[in-house]
There are 2 protein chains.
Amino acid sequence: MTADPPAACCPPADDRPDLRPVEGEEADVELAALAKAIGHPARVQILRLLARRSACVCGEIVEELPLAQSTVSQHLKVLKDAGLIRGEIDGPRTCYCLEPRTIRRLKALIGGL
Amino acid sequence: MTADPPAACCPPADDRPDLRPVEGEEADVELAALAKAIGHPARVQILRLLARRSACVCGEIVEELPLAQSTVSQHLKVLKDAGLIRGEIDGPRTCYCLEPRTIRRLKALIGGL
DNA sequence: GGCAGTCATCGTAAAAATACGATATAGGCG
DNA sequence: CGCCTATATCGTATTTTTACGATGACTGCC
């Protein structure tokens, strides 16, 4: 399992545990920020899209959503700023993929409710 | 464990499974709405507070948060409209508690990511 | 170098969220 | 009944979000 990553941008698996607590004021703020990032149907769709094509896509996202390219780009930025996805420039296009570590963290925080 | 509910307002446990799918457009909108409701630190704090005092509280929430009473009431309304909590009028005060069914649903939807 | 394609950013308008004080409502108590 | 307490709602100001078109930056190709 020391092989290269399968795609240009998606990181290899990172199974290191997250030791941060799932409660307390910091966790509250963190959970609120992550939830806020997911709190729009278009962004949920983007996450699902990236999960389905386990590899990463780019402007195909724009084609899947009934939104202008600039709007989709803005939603991608929200998800990226929240740490939920990663975007890597791949030639003329940008390649997005999930950030599994943050997804796991989100599940842990929600699980703590 | 078939005893009466311990408090006036909190419903007894409801273990019926939720058969709705965790994917698809409806699930996307549902997840986005729930996440949006959680997407504010004050509301996360409220949920945690209600979870800790497994019974339900009322205006104590106002004392715990650095916000005006009307603002807290507004946050409670957001959570209630999302179905995450339940509020029941108990004499002169209102008694809030978690809605475990919706919390479970949220966990299922997040788990589907 | 010039051009076409892809994507991010800017500017902006409209809508929604957030917070507060003031006010209404409703219940319990003297 | 009149009053106090607890909570919801209203009105409002400020900020944030959402959406779009226009523009800019960068790449790859001719």
Side-chain angles (χ1 to χ4, degrees), chain A residues 7-10 25 28-29 31-47 49-50 53 55-97, chain B residues 7-10 25 28-29 31-47 49-50 53 55-97:
Chain A
C9 68
C10 298
E25 194 175 318
D28 287 356
V29 173
L31 173 53
L34 289 175
K36 189 174 189 174
I38 299 184
H40 192 289
R43 294 198 286 267
V44 175
Q45 277 190 267
I46 290 172
L47 291 179
L49 202 59
L50 292 176
R53 335 208 170 170
C56 28
V57 291
C58 44
E60 314 172 48
I61 301 172
V62 175
E63 291 181 2
E64 293 280 347
L65 301 187
L67 294 171
Q69 176 263 323
S70 59
T71 305
V72 171
S73 198
Q74 214 167 284
H75 283 304
L76 286 167
K77 181 170 162 45
V78 171
L79 289 170
K80 199 165 92 176
D81 288 348
L84 285 163
I85 66 175
R86 160 186 315 209
E88 202 156 308
I89 295 172
D90 174 26
R93 40 201 114 224
T94 307
C95 185
Y96 285 97
C97 53
Chain B
C9 67
C10 299
E25 195 175 318
D28 287 355
V29 173
L31 173 53
L34 289 175
K36 190 173 191 175
I38 299 184
H40 192 289
R43 294 198 286 266
V44 175
Q45 278 190 266
I46 291 173
L47 291 179
L49 202 59
L50 292 177
R53 337 209 169 169
C56 27
V57 289
C58 44
E60 314 171 47
I61 301 171
V62 175
E63 291 180 3
E64 293 280 346
L65 302 186
L67 294 171
Q69 175 264 323
S70 59
T71 306
V72 172
S73 196
Q74 214 167 285
H75 282 304
L76 287 168
K77 182 170 160 47
V78 171
L79 290 170
K80 200 166 92 176
D81 288 349
L84 285 162
I85 66 175
R86 159 187 317 209
E88 201 157 307
I89 296 172
D90 174 25
R93 41 201 112 224
T94 307
C95 184
Y96 285 98
C97 53

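Basis for what follows: all heavy atoms, side chains included, without hydrogens, waters or symmetry-related copies. Convention: sequence-line order gives letters A, B, ...; per-chain numbering from 1. Since the model is a prediction, treat every value here as computed from it, not as a measurement.
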Asks: Let me know the distance between CD of Q69(A) and P of dA22(D), rounded to the nearest Å.
Replies: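 My rounded result for the distance is 13 Å.
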Asks: With a 4.0 Å limit, can you tell me whether H75(B) has a side-chain N or O closer than that to the phosphate oxygens OP1/OP2 of dA19(C)?
Replies: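 True: H75(B) side-chain N/O within range (under 4.0 Å) of dA19(C) OP1/OP2.
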Asks: Could you give the CG-to-P distance, from L67(A) to dT18(D), as a whole number of Å?
Replies: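 It is 11 Å, rounded to the nearest whole Å.
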Asks: Side-chain N or O of T71(A) versus OP1/OP2 of dT18(D): is the shortest distance under 4.0 Å?
Replies: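 No, T71(A) has no side-chain N/O under 4.0 Å of OP1/OP2 on dT18(D).
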Asks: Check whether any side-chain nitrogen or oxygen of H40(B) sits under 4.0 Å from OP1 or OP2 of dA19(C), and answer yes or no.
Replies: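 For H40(B), the contact criterion (side-chain N or O under 4.0 Å from OP1 or OP2 of dA19(C)) is met.
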Asks: In whole angstrom, give the distance that lies between atom CD of Q45(A) and atom P of dT18(D).
Replies: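 The answer, rounded to whole Å, is 14 Å.
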Asks: Any donor and acceptor pair, going by atom type alone, linking the side chain of R43(A) with main-chain N or O of A37(A) inside 3.5 Å?
Replies: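 Yes; judged by distance alone, with no hydrogens or angles, the pair exists.
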Asks: Measuring to OP1 and OP2 of dA26(C), would you say a side-chain N or O of R93(B) lies under 4.0 angstrom away?
Replies: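 It does not, given that no N or O in the side chain of R93(B) lies less than 4.0 Å from OP1 or OP2 of dA26(C).
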Asks: Between the base of dA19(D) and the side chain of Q74(A), is there any donor-acceptor pair under 3.5 Å?
Replies: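 Side chain to base: pair found, below 3.5 Å.
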Asks: Side-chain N or O of S70(B) less than 4.0 angstrom from OP1 or OP2 on dC10(D)?
Replies: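 No, S70(B) has no side-chain N/O under 4.0 Å of OP1/OP2 on dC10(D).
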Asks: By nearest nucleotide on DNA chain D, pick out whichever of I89(A) and G39(A) is the more 5' one.
Replies: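 Mapping each residue to its closest nucleotide by heavy atoms, the 5'-most match is G39(A).
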Asks: Does a side-chain N or O of Y96(A) approach OP1 or OP2 of dT6(C) to a distance below 4.0 Å, or not?
Replies: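 It does not, given that no N or O in the side chain of Y96(A) lies less than 4.0 Å from OP1 or OP2 of dT6(C).
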Asks: Drop me the distance from L65(A)'s CG to L49(A)'s CG, to the nearest 0.5 angstrom.
Replies: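 Reported to 0.5 Å precision, the distance equals 7.0 Å.
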Asks: Rounded off to whole Å, could you give me the CD-to-C1' distance for the E88(A) and dA8(C) pair?
Replies: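 Rounding to the nearest Å, CD of E88(A) and C1' of dA8(C) are 16 Å apart.
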Asks: Report yes if at least one side-chain N or O of S73(B) is closer than 4.0 Å to OP1 or OP2 of dA8(D); otherwise report no.
Replies: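 Yes, because at least one side-chain N or O of S73(B) sits under 4.0 Å from OP1 or OP2 of dA8(D).
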Asks: D90(B) has an atom CG; how far is it from atom P of dG27(C), in whole Å?
Replies: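 Result: 12 Å.
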Asks: Could you measure the distance from the CD atom of Q45(B) to the CG atom of L67(B)? Nearest 0.5 Å is fine.
Replies: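 Taking CD in Q45(B) and CG in L67(B), the distance rounds to 8.5 Å.
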Asks: Around atom CD of E25(B), are there more than 12 heavy atoms from other residues, nucleotides or ligands closer than 6.0 Å?
Replies: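 Result for CD/E25(B): open.
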Asks: Measure NZ/K80(A) against C1'/dT9(C) and give the value in whole Å, please.
Replies: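 Value for this atom pair: 12 Å.
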Asks: Could you measure the distance from the CD1 atom of I85(B) to the CG atom of L76(B)? Nearest 0.5 Å is fine.
Replies: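 Nearest 0.5 Å value for the CD1-CG distance: 5.0 Å.
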Asks: Distance check needed: dT18(C) P versus D81(B) CG, whole Å only.
Replies: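 For the pair D81(B) CG and dT18(C) P, the rounded distance is 13 Å.
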Asks: Please compare V78(A) and K77(B) by the position of their nearest nucleotide in DNA chain D and report the one closer to 5'.
Replies: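 Its nearest nucleotide lies further toward 5', so the answer is K77(B).
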Asks: Can you check the L79(B) CG to dA8(D) C1' distance for me, whole Å?
Replies: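 So the two atoms are 15 Å apart, to the nearest Å.
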Asks: Establish, with yes or no, whether the OP1 or OP2 oxygen of dT17(D) is under 4.0 angstrom from a side-chain nitrogen or oxygen of K36(A).
Replies: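 For dT17(D), OP1/OP2 do have a side-chain N/O of K36(A) under 4.0 Å.
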